[in-house]
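Below is one structure, written out as structure tokens; comments come after it.
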Amino acid sequence: MAEKIRAPRGMPDTLPHEMPLIRRLESAAQRAFALYAYEEIRPPLFEETRLFVRGIGDATDIVEKEMYTFAEGEDSITLRPEATASVVRAAVEHDLLKQKGFWKLYYIGPMFRKERPQAGRSRQFYQIGCEALGSLEPTVDAESILLAARFFREAGLEGVKVNINSIGCPTCRAAYRKVLREAIEPHRAQLCQDCQARFDRNVFRILDCKKELCKKIAMQAPVMREHLDADCRQHFETVCALLKAAGQEFTIEDHLVRGFDYYTRTVFELSHPSLGARDAVCGGGRYDNLVAELGGPAAGCVGFAVGVVPTILALEKTGAAAAVEPPVLDVYLIAVDDAMRADVFRMAQELRAAGVSAEMDYERRSLKAQMRSANKLGARFTVMVGPEEIASGKFKLKAMATGEEEMAAVGEIAGKVLGK
RNA sequence: GUGAGAGUAGCUCAGUUGGUUAGAGCAUCAGACUGUGGCUCUGAGGGUCGCGGGUUCGAAUCCCGUCUCUCACCCCA
């Protein structure tokens, strides 16, 4: 036997039995996005490397060590680690914002990060996400959060928590960075090794550290929200007020910071308690400078991305996944003997043409074996095709659930099956 | 990328202190008189014990390496 080739590390196959649940998520997404008037967009799976370096930030872990980057002649290309940069690039490239000033776009597709795989985290993973391009208004932030919550309801996931924060604009963030550094400086020696490094590279991440001592130090540090400038404060308060007015529950999480450099002002995360420590199912926020940084006009944007696998894990833990039903087969045609194979083949085509899903045996197996297959596939009906039927033109139609049988002409079968 | 654990039929797992032809359940396939599934019964196929090397008279079992997965970090969806 030839050597088996395996999928590369961290590249999962999505097998047939997993698809119904994924399809449910995708259709939930389509419903939710349609309700909020979003349009679908499909950017390519890889881009020029510099798009991500500029968009996500060259000091982020993703760009530093998690990207799949290849040389293509003189160019460097990278499999997308997230889609926001691509969507913005596409909008800028096609001058969408010149056609009209405001766009709502969503996408569904695979992303790639070279991480150490473990449950719920692989190197190719799927995100459902969206971006509202071209508005600075807090209404859009609030709507985006409501949309994310709506998606999970459509998907059947109960108990999703919404956490939000504001990380301000570049101006007030620079001021806060200084304040934060001054507050942490005296305790610098007590920080964990990672946080020592973060102190220079990105102090804000210290707020996110899970180490007890770092947490304690972070707790005592001044919070971003109290150092927002007037505009950013006003913006955040409006977002919160809108959410409240919409009846959306949420928690203001002072230490919520996001991993990408492009975020400004509102950041949010939706999480599910069933997932334990790694509980995020969705992350997003506002990014007001990215479009301009990628060569477009000044345009405020808000977006989020949902992790498909974490969401599925949460659905499974809450038991909601069990409600997903496998596809149904309407009719299984049975050839009583080999002389009827051609008739079965022809009738299957006719039924399918009439909109009835039909399956048959291709391996010349016994009648009993064919019945077994019909049962295993969950066929709603079987149609017996034997000498008697061919002679009379009336076929024995059996309802598998009840065992009831009746005779029906070829032309009647589709109607009877679809009618029930 | 770091640390730890695991890897035996398609799946879930047994496999005694290293000892003949590696087992079970489920699944698959086939049979149980005449043209009928689910339940039951009978039988069959399926494993170079992740891969490579080493120790040994002898390795699924011990040692080393390697790959993959899992868990915890890092980070993130």
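All chains are named by letter (A, B, ...) in the order of the sequence lines, taking the proteins before the strands, and each is independently numbered beginning at 1.
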Seminar exercise, completed: B/S/- along nucleotides 25-32 of chain B (protein heavy atoms under 4.0 Å) is ---SSSS-
Would you give me the side-chain donor-acceptor pairs under 3.5 Å for residues 302-318 of chain A, sequence neighbours excluded?
from     : atom 1 : to       : atom 2 : distance (Å)
A/Thr311 : OG1    : A/Gly307 : O      : 2.7
A/Thr318 : OG1    : A/Ala314 : O      : 3.1
A/Thr318 : OG1    : A/Leu315 : O      : 3.1

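Remark: C1' of B/G38 and NZ of A/Lys398 are 10 Å apart, rounded to the nearest angstrom. Here the P atom of nucleotide B/G37 and the CG atom of A/Asn375 are 10 Å apart, to the nearest Å. Between A/Phe395 atom CZ and B/U36 atom C1' there is a gap of 17 Å when expressed in whole angstrom units. Put simply, CD on A/Glu405 is 11 Å from C1' on B/G37, counting in whole angstrom units.
Checked against side chain to side chain donor-acceptor pair (under 3.5 Å), A/Thr382 has no partners two or more places apart in sequence or in another chain. Every residue was checked against the ring pair (Phe, Tyr, Trp, His ring centres under 6.0 Å) condition with A/Phe125, not counting sequence neighbours, and none meets it. Residues passing the side chain to side chain donor-acceptor pair (under 3.5 Å) test with A/Lys104 are A/Glu143, sequence neighbours excluded.
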What protein N or O atoms touch nucleotides 1-5 of chain B N or O atoms at under 3.5 angstrom, if any, and at what distances?
from : atom 1 : to       : atom 2 : distance (Å)
B/U2 : O4     : A/Arg116 : NH1    : 2.9

For this session: Check the pair A/Lys416 / A/Glu406 against salt bridge (charged side-chain N to carboxylate O under 4.0 Å, His left out), numbers first and verdict last.
Result: CA-CA 10 Å; A/Lys416 285 184 186 292; A/Glu406 63 177 309; 3.3 Å; yes
Exercise. Where do A/Arg113 and A/Glu115 land on the salt bridge (charged side-chain N to carboxylate O under 4.0 Å, His left out) test, with the steps shown first?
Worked result: CA-CA 6 Å; A/Arg113 288 181 205 170; A/Glu115 289 183 299; 5.3 Å; no
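Nucleic acid contact for A/Val306: none, since no nucleic acid atom lies under 4.0 Å from a heavy atom of the residue. Residue A/Val309 is out of contact with every strand shown, counting any heavy-atom pair closer than 4.0 Å. Here A/Phe260 lies in heavy-atom contact (under 4.0 Å) with sugar-phosphate atoms only. Residue contacts for A/Gly10: at a heavy-atom cut-off of 4.0 Å it reaches the sugar-phosphate backbone alone, with no base atom in range.
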